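Hydrogens, waters and symmetry mates are skipped; everything else that's a heavy atom, side chains included, is used. Keep in mind that this is a model prediction, so the values were computed, not measured.
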Amino acid sequence: WPVASGGWHTCSMQAFLAALVGGLLTIAGGLAAVLVTGRGMRSQWRNDAQLRVGTEVLSALQKRVSSINDLAYLADKNSDDGEKAWFVECAAATEWNNARHAALLVSPPEAAALLQGLDRQSDALLVRAMAKEWTLAEFRKERDSLGRLASNYLDAVRAGAGWPPLQLRS
């Protein structure tokens with residue numbers, strides 16, 4: 001049969017082109033699904049990581065503040081009790097720094113800035129704790145701004161996960 005007559009050659013060519021276009025569309029659809037799924041998985045991993053390290057940061061901060069409190073209430077910071085409290089503070093500061101550095105790896109800029117502020121304020125709180133013997137009420141006022149900043153950090157982590165803020169006072 002002649003090619004121009006529309007015989008089997010034309011039908012074969014149409015079938016071949018239809019199969020080629022169908023195959024290309026299938027491949028493109030598969031690639032799009034992989035990209036969308038991959039992007040969704042990366043987003044889910046990032047959210048999970050931010051929530052996990054955010055929890056670790058707040059836990060480490062609580063331990064650090066507790067150890068600073070213990071130092072603040074001591075009359076003689078150079079006593080045996082003071083030395084024990086100082087070792088506890090050093091361990092808490094190490095845990096805090098490890099948690100903070102892990103969080104900085106996965107945190108968005110807003111949360112990272114809050115982490116840096118938390119670090120500065122916790123260090124300043126330690127300096128104030130060592131300056132004198134504090135009462136519970138006095139030192140609670142001293143650490144109030146740190147608590148508010150920690151609440152802001154909590155809300156930033158929640159916002160990163162797509163959750164509404166809690167707007168806690170401290």
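Leu114 and Leu105 fall into different hydrophobic clusters, where Ile, Leu, Val, Met, Phe, Trp and Tyr side chains are chained together by heavy-atom contacts under 4.5 Å. In terms of hydrophobic clustering, with Ile, Leu, Val, Met, Phe, Trp and Tyr side chains grouped at heavy-atom distances under 4.5 Å, Leu149 and Val53 are assigned to different clusters. Grouping the Ile, Leu, Val, Met, Phe, Trp and Tyr side chains by contacts below 4.5 angstrom, directly or via other members, places Leu115 apart from Val106. Cluster annotation: Val127 and Val65 are assigned to distinct hydrophobic clusters (Ile/Leu/Val/Met/Phe/Trp/Tyr, side-chain heavy-atom contacts under 4.5 Å, transitive).
Of all heavy-atom pairs spanning Gly160 and Asn47, the tightest one is O-OD1, 3.1 Å. Taking all atoms of both residues into account, the shortest heavy-atom contact from Ala150 to Leu58 is O-CD2, 4.1 Å. In plain terms, the two heavy atoms of Ala103 and Val57 that are nearest each other are CB-CG2, 3.5 Å.
Leu61 CG to Glu95 CD: the interatomic distance, rounded to the nearest 0.5 Å, is 10.5 Å. The distance from the CG atom of Leu154 to the CD atom of Gln167 is 11.0 Å, given to the nearest 0.5 Å. In this structure, OG on Ser67 lies 10.0 Å from CD on Gln62, to the nearest 0.5 angstrom. Note that the CE atom of Met130 and the CD atom of Glu89 stand 9.0 Å from one another [nearest 0.5 Å]. In this structure, Leu125 CG and Ile68 CD1 are separated by 4.5 Å, a value rounded to the nearest 0.5 Å. How far OG1 of Thr135 is from CD of Glu142: 10.0 Å, rounded to the nearest 0.5 Å.
Proximity of Asp144 to Arg169: side-chain heavy atoms (C-beta onward) are separated by under 4.5 Å at one or more points.
Within the structure, ring pair (Phe, Tyr, Trp, His ring centres under 6.0 Å) pairs that include any residue of residues 71-100 do not occur (at least two apart or interchain). Applying the ring pair (Phe, Tyr, Trp, His ring centres under 6.0 Å) test to every pair with at least one member in residues 111-167, sequence neighbours left out, gives these pairs: Trp134-Phe139.
Gln121 and Arg143 share no donor-acceptor pair across their side chains, judged by distance under 3.5 Å alone.
Under the side-chain contact (heavy atoms from CB on, under 4.5 Å) criterion, Asp48 pairs with Gln44, not counting sequence neighbours.
Applying the 6.0 Å contact sphere to NZ of Lys84 captures no more than 12 heavy atoms from other residues, nucleotides or ligands. Crowding of Asp80 atom CG: a count of heavy atoms from other residues, nucleotides or ligands under 6.0 Å not exceeding 12. The environment of Arg128 atom CZ is dense: over 12 non-hydrogen atoms of other residues, nucleotides or ligands sit within 6.0 angstrom.
Of the options Asn97, Thr94, Asn69, Asp123, a side chain to side chain contact (heavy atoms under 4.5 Å, CB included) to Arg64 is made by Asp123 and by none of the others.
Ser122 places a side-chain N or O within donor-acceptor distance of the main-chain N or O of Leu118, the cut-off being under 3.5 Å. Judged purely by atom type and a 3.5 angstrom limit, Lys77 uses its side chain to pair as donor or acceptor with the backbone of Ala129.
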